[in-house]
Amino acid sequence: MKNESKKGKKLLIAVIIAALLVVIAILIFSRILSRGLENAANDLIAEAKVTSGDISATVVGSGTLANADIAVELPYGVTIQKILAEVGDAAQKGDVLAKVSDSSVASRVSDIKSALANIESEMKTLAENSEKTVSVKSETKARVKKIYAVNGSAVEDIVAESEALMLLSLDGKMAVTFDSETSLALGDSVSVIRDGGEAEGSVVSASAGTYVVTLSDDGPKVGERVDINSNGKTIGNGELYIHEPLRVTADFGRVASVNAEENKSISAGDTLLTIIKPAANRAYESLIDKQNSLLNTLEQLTKLSITGEIHAPVSGTITEILAMPGAALAKEQDTSTDYDDMGSAFKITAKDVLSLNVNIDESDISAVNAGQEATVEIDAIPGKVFEGTVKEVSNETNASENASNYSAIIEIEKTPEMKLGMSATAVIIKEERSNVPIIPLAAVQEFGSDVFVYVSRDENNMPSGRTPIETGLSDGTMTEVVSGLKVGDTVYFAQSPSNNSRDQMMFGVGNPPGQFNGGRVSEGGNRPEFTEQREDPTDADD
């Protein structure tokens, strides 16, 4: 019995020891696995700095090269006195093709001006009956550095000329870029000499003899010329610009009041200006389109009134003459109340210009307009990029079984290696921004109507510190930050992992929106209008 008792005790001890060894092994394995998972998670989390750069949104279309048939347009109602060319003639750019009646031009100018006056009256009536006042408020602390807005002026005219209603400085600094033979290092102090006195500056960028110096934005003016001094010696000069600018813009209306002053500091919520705008309606927008067309026709008539001649816009061969001596161009239908119609008097097959008729998807066509720049790559001419201009955009769809496309004609300068029928791809620049804060598009999160980023990490090194932002232009890889972040801030986000489904399941790649999954904003969207004060989304660390 004693032997059996001893054997039982030994067996129990052995079982206990074995169990302890299993527990220890599990703990060690769990610790190793935990560290492995943490390291793997860290590998999936990326960080990026908010930088200042250029960004553009584009539309891509493809087609084939063809002869460019250029229409020589003439306003309807202008009488042709004499035609000086024939079909088949070789014309050089600037050659006189025909002479027009001065009295018919003067009569059409009078008609156009009368039509413009009527449109302005209609627009005023619509505006008075349906106008609203909008306050443009600052969404951040800043300093007003340049004001372009003028009381009573049209918003669209100011923005078209100056690209903004006013400019704000976000980081309290002005900057100047200059070249110098004097060697400077980052952080070096220099003196910035301006008409208003002397300021201390600091070197923030140095590259191959080109330097950027920043100084306080309290006092210096945008565009002011300054000298840079070091050790009592002038080492360079340049023009001041805002180091971290924010453009205040709006779409349309007229400026009712300017409530800010240049060089004054402002706080979030301060009213910068007020705008009176008509309530958006089709009638008003139609009048704007009509007004623009009339102004374009008036510009052509003004040129005719000076020379009395129709000139060839390009060199090439005259292929068609649609004008008749002693007569005005005939309209296809009775549009006697319309003064914006232009008709083709001649057609010329250009000698040095080719056209590219590209198909544009229906989702992008509204962003394509005549006059926009484009870059063209031709399949048979690799490694070269050609510049082009959008000349015409079709209003009719080229419907297919799978999609609806529209045509846009792009003209490019012909080179010897180009042949008719070559396949080409055009990239049309919809909109561009220069020197604006940008971050990777993958860092932007969306949840419902909220757009935000993560600016810190939690105790597990996962993204946290949810911060609302406002985005602007995007090129599909990077996006503009309109507000919520400044240059130098850091954002954290989930980067695309290797093709490992187990990793994706473990570390939340593909989680619902808002779970640091690299959410997206609308690609190529317009910069949001910096107008009505919005309520900031509630900050919440996930």
Side-chain angles (χ1 to χ4, degrees), residues 31 33-53 55 138-142 168-173 186 204 214 243-246 267-269 435-498 500 503-522 528 533-542:
R31 186 175 181 84
L33 180 61
S34 176
R35 287 180 176 175
L37 295 182
E38 182 178 346
N39 291 334
N42 287 338
D43 290 341
L44 291 178
I45 304 304
E47 65 177 70
K49 292 282 189 182
V50 182
T51 58
S52 181
I55 193 168
S138 174
E139 296 185 356
T140 184
K141 181 180 179 181
L168 307 182
S169 170
L170 296 180
D171 65 352
K173 297 181 182 300
L186 294 179
V204 296
T214 60
H243 183 246
E244 191 177 324
L246 177 63
S267 301
N435 195 30
V436 296
I438 56 176
I439 58 173
L441 189 58
V444 180
Q445 312 293 320
E446 285 186 340
F447 187 57
S449 61
D450 294 342
V451 180
F452 57 93
V453 293
Y454 293 103
V455 297
S456 60
R457 291 194 181 208
D458 61 18
E459 63 276 6
N460 296 317
N461 278 331
M462 302 304 288
S464 64
R466 175 171 163 168
T467 299
I469 66 169
E470 196 171 8
T471 58
L473 207 60
S474 172
D475 62 8
T477 301
M478 305 294 289
T479 187
E480 173 191 13
V481 179
V482 177
S483 65
L485 296 171
K486 64 180 185 298
V487 173
D489 287 347
T490 302
V491 294
Y492 299 88
F493 57 99
Q495 61 183 336
S496 298
S498 59
N500 188 323
D503 285 348
Q504 293 180 16
M505 292 173 64
M506 284 185 173
F507 303 119
V509 177
N511 282 345
Q515 301 292 324
F516 49 87
N517 65 327
R520 292 290 190 268
V521 292
S522 298
Q533 183 74 0
R534 302 176 178 86
E535 292 184 3
D536 291 332
T538 303
D539 292 349
D541 290 353
D542 285 3

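Computation of the quantities below employed the complete heavy-atom set of this structure, encompassing side-chain atoms and omitting hydrogens, waters and symmetry-equivalent molecules.
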Novice: CD1/Ile45 to CG/Asn461 distance, rounded to the nearest 0.5 angstrom?
Specialist: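 Nearest 0.5 Å value for the CD1-CG distance: 9.0 Å.
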Novice: Between the side chain of Thr467 and the main-chain N/O of Gly465, is any donor-acceptor distance below 3.5 Å?
Specialist: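 Yes.
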Novice: With rounding to the nearest 0.5 angstrom, report the CE to OG1 distance, Met478 to Thr51.
Specialist: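 Here the interatomic distance stands at 5.0 Å.
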Novice: Apply the test side-chain contact (heavy atoms from CB on, under 4.5 Å) to residues Ile469 and Ile439: give CA-CA distance (whole Å), side-chain angles for both, the deciding distance (0.1 Å), then the verdict.
Specialist: CA-CA 11 Å; Ile469 66 169; Ile439 58 173; 4.3 Å; yes
Novice: Rounded to the nearest 0.5 Å, what separates atom OG in Ser474 from atom CD in Glu480?
Specialist: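 Interatomic distance, Ser474 OG to Glu480 CD, rounded to 0.5 Å: 10.0 Å.
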Novice: Is there side-chain contact between Phe493 and Gln445, with heavy atoms separated by less than 4.5 Å?
Specialist: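 Result yes, sub-4.5 Å side-chain heavy-atom pair found.
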Novice: Classify the side-chain pair Lys141/Ser267 by whether it contains a donor and acceptor separated by less than 3.5 Å.
Specialist: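 Their side chains do not contain a donor-acceptor pair, so the 3.5 Å distance test is not met.
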Novice: Just to verify, what does Asp171 make a salt bridge (charged side-chain N to carboxylate O under 4.0 Å, His left out) with, not counting sequence neighbours?
Specialist: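 None.
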Novice: Check whether any side-chain heavy atom of Thr477 lies under 4.5 Å from a side-chain heavy atom of Leu441, and answer yes or no.
Specialist: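 With C-beta onward as the side chain, the pair stays apart.
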Novice: Which residue in the set Leu485, Thr471, Val481 passes side chain to side chain contact (heavy atoms under 4.5 Å, CB included) when paired with Val453?
Specialist: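 Single side chain to side chain contact (heavy atoms under 4.5 Å, CB included) partner of Val453 among Leu485, Thr471, Val481: Leu485.
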Novice: Is there a side-chain contact between Leu170 and Thr140 in this structure, where contact means two heavy atoms from C-beta onward sitting under 4.5 Å apart?
Specialist: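 The answer is yes, as the side chains (C-beta and beyond) meet within the 4.5 Å cut-off.
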Novice: Return the minimal non-hydrogen interatomic distance between His243 and Asn435, and the atom names on each side.
Specialist: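 Closest pair (atom of His243, atom of Asn435, distance): O-ND2, 4.3 Å.
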Novice: Please report the interatomic distance OG1(Thr479) to CD1(Ile438), rounded to the nearest 0.5 Å.
Specialist: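 Rounded to the nearest 0.5 Å, the OG1-CD1 separation comes to 9.5 Å.
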Novice: So, do Pro437 and Val50 sit near enough that their side-chain heavy atoms are less than 4.5 Å apart?
Specialist: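 Yes. Closest side-chain heavy atoms under 4.5 Å.
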Novice: Knowing that exactly one of Arg457, Lys49, Glu47 qualifies, which makes a side-chain hydrogen bond (donor to acceptor under 3.5 Å, both in side chains) with Thr490?
Specialist: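 For Thr490, the side-chain hydrogen bond (donor to acceptor under 3.5 Å, both in side chains) check succeeds only for Lys49.
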Novice: If I compare all heavy atoms of Ser464 with all of Tyr454, which pair ends up nearest, and what's the gap?
Specialist: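 Minimum heavy-atom separation between Ser464 and Tyr454: O-CB, 3.3 Å.
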